[in-house]
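Read through the structure below, which is laid out as structure tokens, and then see the notes.
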Amino acid sequence: MRNLEILTEEDKEALDLPRTTVDEIGKQDKKKLYIESYGCQMNFSDSEIVTSILQENGYATTSLFDEADVILLNTCAIRDNAEQKVRNRLKNFTHLKKKRPSLVVGVLGCMAERLKTKFLEEEKIVDVVAGPDSYRDLPNLFEEVEEGNKAINVFLSKEETYADISPVRLNSNGVTAFVSIMRGCDNMCSFCVVPFTRGRERSRDVYSILKECQDLLDNGYKEVTLLGQNVDSYKWASADGTETVNFAQLLERVALINPLLRVRFSTSHPKDITDEVLYTIKKYENVCNYIHLPAQSGSSRILKLMNRTYDRDWYINRVDKIREVLGEECGISQDIIAGFCTETEEDHQETLSLIEYVRYDYGYMFAYSERPGTPAAKKLVDDISDEEKQRRLAEIIALQRKISQERNEMSVGTIQKVLIEGDSKRSADFLQGRNDQNKMVILPKGNHQKGDYVNVKITSCSSATLFGEVE
Ligand code: SAM
Ligand code: SF4
């Protein structure tokens, strides 16, 4: 969600590469936990909750899987290749398990929820299967394994939001953090497995969100990204019903914590994003001028089959409103699926023309991957060949890359406020940070440090990155 690159399938694969915990938390005599996260930012955020729960229960974390007592993979089921990656990764642990039979291997997240007991049958190395709502039960599940059993909990909850758990920040740059504001999804986009793996939508208590954001600020963080599958349908009510908070109001309350705390959010659903949200972005300088607005397709016929509940005109109307309220410079990014069931060349051309119309800053683009059990898998035929899907995807990516380059060129010569996140990946003489529109900016190190806000004059760009000098 937060990567600036324009992602091909392969790039996305690269983004999905496992990230391990680098924090060494706890003492030598404790049991050691190694956790890898795959897929969307929600999973990375959930791994921080899991680590917190297990830390409370006497576990320390390690970044070396061969010294771990427990190995957990927090998995993604959104496309078939995400699942294959997890299955391949499990093979890497086989020799370890043979050497140390007491090693516990667990799978968490969406793939665990989708496959349930099948996972235990198909992957003999797996001892524990835990769905996204059962992480509090992990210590019990590990105990069951110690007693010689396999353990599984895939119950989905209507209430669980882990609101009271303080996530242990993993792989943190100490500047930016993700804060989950809701769980699950009540939309039934026909291609999507999420409603089946993450359950019903529920919003987290506003006060626990505000406290988490305040704690982050107190610990030196400068940016929070509010996370949910569909943040615009955030809705919280106090137990007595006297106080209700919608997403625009939540955004405002987080923005008011401190003007130095930047606020981002993801993901917005085109059917739900309100004008109130747009005016809140405009009102507060620290709410970033950037919206991730997945389109999925530019064809109304395909959008209907996808059950997205908006059509092309509706989507365009929302984009027009964003431009009217927030201006041409507001960053907009997309998710697009190429080659959905029955998609014709004409539908595909409509997707390309939508990209031309909106002029997205960047996007995440995928070939359609049929997921078992989804409405599309049950009712529609996955009738576009892989070659055709890849051809269309390549055209979409090429067009997006061209437009990203043009959009970035608009910034050359302007001054951008950048929050520095750390050293540039390519050279320690340079720093990297993000501007308001979530674009990566590279600048010479000078005397600046991560966590600083600096005004940077943009001098050049690629399709994915801006380069500049401190003013
Ligand atoms: N809730 C977000 C929304 O509705 O925009 C998206 C969540 S999903 C984790 C991220 C993206 O994965 C989707 O926007 C969609 O483009 C893509 N995706 C989901 N299911 C897919 C499938 N079966 N095949 C290909 N891409 C898929
Ligand atoms: Fe999936 Fe649609 Fe929910 Fe997004 S809004 S998670 S695409 S069902």
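Order of appearance sets the numbers: ligands from 1, and atoms from 1 within every ligand.
- The structure places OG of Ser462 at 9.5 Å from CZ of Arg401, a figure rounded to the nearest 0.5 Å.
- Atoms CD1 and OG, from Ile35 and Ser63 in turn, are 13.5 Å apart once rounded to the nearest 0.5 Å.
- Across Ser297 and Leu354, no two heavy atoms sit closer than the pair O-CD2, 4.0 Å.
- The shortest separation from a heavy atom of Arg198 to ligand 1 is not under 4.0 Å, leaving the residue out of contact.
- Residue contact annotation: Asn230 has no non-hydrogen atom under 4.0 Å from ligand 1.
- We find the CG-CZ distance between Leu170 and Phe44 to be 10.5 Å, quoted to the nearest 0.5 Å.
- For atom 23 (N) of ligand 1, the nearest non-hydrogen atom of the protein is Ser369 O, 2.7 Å.
- Put simply, CD on Glu324 and CG on Asn317 are 9.5 Å apart, with the number rounded to the nearest 0.5 Å.
- Both the backbone and the side chain of Ile78 come within contact range of ligand 1, each with a heavy atom under 4.0 Å.
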**Request:** Begin from the C-alpha positions of Phe65 and Phe93 and carry the test ring-ring contact (aromatic ring centres under 6.0 Å, His included) through to its verdict.
**Result:** CA-CA 9 Å; Phe65 66 75; Phe93 304 128; 5.1 Å; yes
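- Looking at Pro294 against ligand 1, only its side chain comes within 4.0 Å, counting heavy atoms.
- For ligand 1 and Arg371, the ligand atoms under 4.0 Å from any heavy atom of the residue are 23 (N).
- Close contacts of ligand 1 with Tyr368, meaning ligand atoms under 4.0 Å from a residue heavy atom, involve 23 (N), 24 (N), 25 (C).
- One finds the CD atom of Glu285 at 7.5 Å from the CG atom of Asp436 (value rounded to the nearest 0.5 Å).
- Within 6.0 Å of CZ in Arg87 there are more than 12 heavy atoms belonging to other residues, nucleotides or ligands.
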**Request:** Let me see the working for Tyr290 and Ser333 under side-chain hydrogen bond (donor to acceptor under 3.5 Å, both in side chains), right down to the final yes or no.
**Result:** CA-CA 8 Å; Tyr290 159 66; Ser333 57; 2.7 Å; yes
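- Assignment of Ala367 to the shell around ligand 1 is supported, since a heavy atom sits closer than 4.0 Å.
- Contacts between Arg79 and ligand 1, counted as non-hydrogen atom pairs separated by less than 4.0 Å, involve the side chain only.
- The distance from the CD atom of Glu83 to the CZ atom of Arg371 is 4.5 Å, given to the nearest 0.5 Å.
- Aromatic pair Phe247/Tyr234: centroids not less than 6.0 angstrom apart.
- Atom 10 (C) of ligand 1 has as its closest protein heavy atom Asp335 OD2, 3.7 Å.
- Scanning the protein heavy atoms around atom 20 (N) of ligand 1, the nearest turns out to be Phe191 CD1, 3.3 Å.
- With ring centers used as reference points, His292 lies 6.0 Å or more from Phe265.
- Residue Arg308 touches ligand 1 through its side chain alone, judged by heavy-atom distances below 4.0 Å.
- In Gln229, the parts holding a heavy atom less than 4.0 Å from any atom of ligand 1 are both the side chain and the backbone.
- Of all the atoms in ligand 1, the ones that sit under 4.0 Å from a non-hydrogen atom of Gln296 are 5 (O), 13 (C), 14 (O), 15 (C), 16 (O).
- Ligand 2 lies under 4.0 Å from heavy atoms of Cys185, Asn187, Cys189, Phe191, Cys192, Val194, Pro195, Gln229, His269, Arg308.
- Note that Arg79 lies in the cation-pi zone of Phe366, set by a 6.0 Å cut-off to the ring centre and a 45° limit from the axis.
- In Phe366, the part holding a heavy atom less than 4.0 Å from any atom of ligand 1 is the side chain.
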